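Below is the structure I would like to discuss, written out as structure tokens.
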There are 2 protein chains.
Amino acid sequence: MTQKKYHHGDLRAAALETGTELLKSRDADDLGLRELAREVGVSATALYRHFPDKDALLTALAYQAAEALGEFQKQAGLRAGGGNAGFAAMGIAYVDFAVENPALFRLMFRKAANIDVLSGDIESVGSAIRGLRETVAGLTPATLGDDKRKASALRAWSLVHGLACLILDGQIEYDRELIRSVVVSRSVLSS
Amino acid sequence: MTQKKYHHGDLRAAALETGTELLKSRDADDLGLRELAREVGVSATALYRHFPDKDALLTALAYQAAEALGEFQKQAGLRAGGGNAGFAAMGIAYVDFAVENPALFRLMFRKAANIDVLSGDIESVGSAIRGLRETVAGLTPATLGDDKRKASALRAWSLVHGLACLILDGQIEYDRELIRSVVVSRSVLSS
DNA sequence: CGATTAATGTTGACATTGTTATCATTATGC
DNA sequence: GCATAATGATAACAATGTCAACATTAATCG
């Protein structure tokens, strides 16, 4: 019988897990340190043995969320069979993930500056948001100049990211078909 | 000589003004109620005579920010002389405003759900974010079907919004030319 | 006018939060 | 088996949003 022991076994893992669980079931990304500790069944200060402060805890959660988004997107792309259809599917998956996990999505980008993906150690960060970036970069026609490719990739990312943010902030309603047409459109988007 | 009087004259206005001032000079939108009161030179609870709670205060600030953004955008559009060039200018202005006022921009959209612009009383809200929406809607070719116009407008808004958010969250660096090429591009943007 | 009442500010208190210092318990390595 | 590191708990602190009770000024009306 697994009684309550003084040592938890693997707090940190438990904290991250129930932290993610809590964030999944709410809209705002305002997870409290004491709240989490309470939920895990441990004293608030115990968490300080595994994270230097609240910010580090949230950053760790954000990191996990980034991995989850990457995986979710990748699966969607594969399911659609790559190519243009695959890319559209990934764009839609990006928005879908945000809609289904608003708090995680928000937290992820609020702490994204801490997880420096762009600035340097891409390798050390692992596969985090890297897949996301690679995808965005890889989908642009290789025949274009480098700066145009860059702009094109950035355009695609900005589009789905803006869409996701506007939906989460209640500025536009979630409409799967509308989103699809926005993401997929190619000839309509003059200026 | 205007001595310190017991009654401030027009707190609320003063609170909103120095609140905006404070937010202008910082990156995160975490303005504290007590902090603001301290800055205005008034007791914390005095603010409760003018705002039901902190959330209402922040919402009022967000509302003001929305008006400022609208005006800023409008001016940019006029300066560029309307039309396609004007629209591009407005898109760039949207991003520029965000970059120059990160906290205000963030706050504005964090509280945007409270200021329901879309859901109902557009008229009562005044010119707030309305100009923004009208612009987005107005720039699409009138020859298109209604749903395609809608998608096109949404696409434009999402693009600049995503761009702004990604820059504020440190995911992409601010590069005026890159932004320009992203906003202005029209033929390159194949899915 | 002068007095009553509403408007606006202040003080003190409370619960909650992140954080630190100190102490308690368990696991680990020689 | 014991010293020591790892991990946990308690108590306390400062800061925050908020409320109740009280103070002061402005407005209203006879």
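None of these values were measured; they are calculated from a predicted model. Below, chain A is the first sequence line, B the second, and so on; all start at residue 1.
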Check: Under the side-chain hydrogen bond (donor to acceptor under 3.5 Å, both in side chains) rule, what pairs show up with a residue in residues 36-51 of chain B, not counting sequence neighbours?
Finding: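 Output for this query lists Ser43(B)-Thr45(B).
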Margin query: Per the salt bridge (charged side-chain N to carboxylate O under 4.0 Å, His left out) rule, what does the pair list look like for residues 10-25 of chain B, sequence neighbours excluded?
Written below: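 Sorted result for residues 10-25 of chain B: empty, none.
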Check: Which residues satisfy the side-chain contact (heavy atoms from CB on, under 4.5 Å) test with Ala80(B), sequence neighbours excluded?
Finding: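 In terms of side-chain contact (heavy atoms from CB on, under 4.5 Å), with neighbours along the sequence ignored, Ala80(B) is linked to Ala89(B).
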Checklist line | Contacting residues from residues 20-36 of chain A, given that a heavy atom lies under 4.0 angstrom of DNA chain C | finding: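 Gly32(A), Leu33(A), Arg34(A) - these, ordered by number, are the residues of the stretch whose heavy atoms sit under 4.0 Å from the strand.
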Next item on the list: Applying salt bridge (charged side-chain N to carboxylate O under 4.0 Å, His left out), name anything that partners Arg176(A), two or more places apart in sequence or on another chain.
Entry: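 Counting only residues at least two positions away or on another chain, Arg176(A) forms a salt bridge (charged side-chain N to carboxylate O under 4.0 Å, His left out) with Asp96(A).
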Checklist line | With Ala88(A) via side-chain contact (heavy atoms from CB on, under 4.5 Å) - residues at least two apart | finding: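 Expected list: Val184(A).
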Item checked: Qualifying residues under side-chain contact (heavy atoms from CB on, under 4.5 Å), relative to Asp55(B), sequence neighbours excluded ->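 With sequence neighbours excluded, Asp55(B) shows a side-chain contact (heavy atoms from CB on, under 4.5 Å) to Asp53(B), Thr59(B), Lys111(B), Asn114(B), given in chain and number order.
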Item checked: DNA chain C-proximal residues of residues 44-58 of chain A, any heavy atom under 4.0 Å ->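 Thr45(A), Tyr48(A), Arg49(A), Asp53(A), Lys54(A), in order of number.
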Checklist line | d(CZ, Arg38(A); P, dA9(D)) in whole Å | finding: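 Taking atom P of dA9(D) as the reference, CZ of Arg38(A) is at 14 Å.
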Notebook entry, point to check: Which pairs, with at least one residue in residues 97-106 of chain B and sequence neighbours excluded, count as a salt bridge (charged side-chain N to carboxylate O under 4.0 Å, His left out)?
Noted result: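 Sorted pair list: Asp27(B)-Arg106(B), Arg106(B)-Asp169(B).
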Name the pairs: protein N/O against N/O of nucleotides 5-7 of chain C, kept only if under 3.5 Å.
none

Check: Is there side-chain contact between Ile92(B) and Val95(B), with heavy atoms separated by less than 4.5 Å?
Finding: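 Ile92(B) does not reach Val95(B) side chain to side chain.
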Next item on the list: State which residues pass ring pair (Phe, Tyr, Trp, His ring centres under 6.0 Å) with Phe51(A); sequence neighbours excluded, sorted by chain then number.
Entry: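 Applying ring pair (Phe, Tyr, Trp, His ring centres under 6.0 Å) to Phe51(A) gives none.
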Note to self: List the residues meeting side-chain contact (heavy atoms from CB on, under 4.5 Å) with Ala103(A), not counting sequence neighbours, and say none if there are none.
What the structure shows: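 Partners of Ala103(A) by the side-chain contact (heavy atoms from CB on, under 4.5 Å) criterion, ordered by chain and then number, come out as Leu23(A), Arg26(A), Asp29(A).
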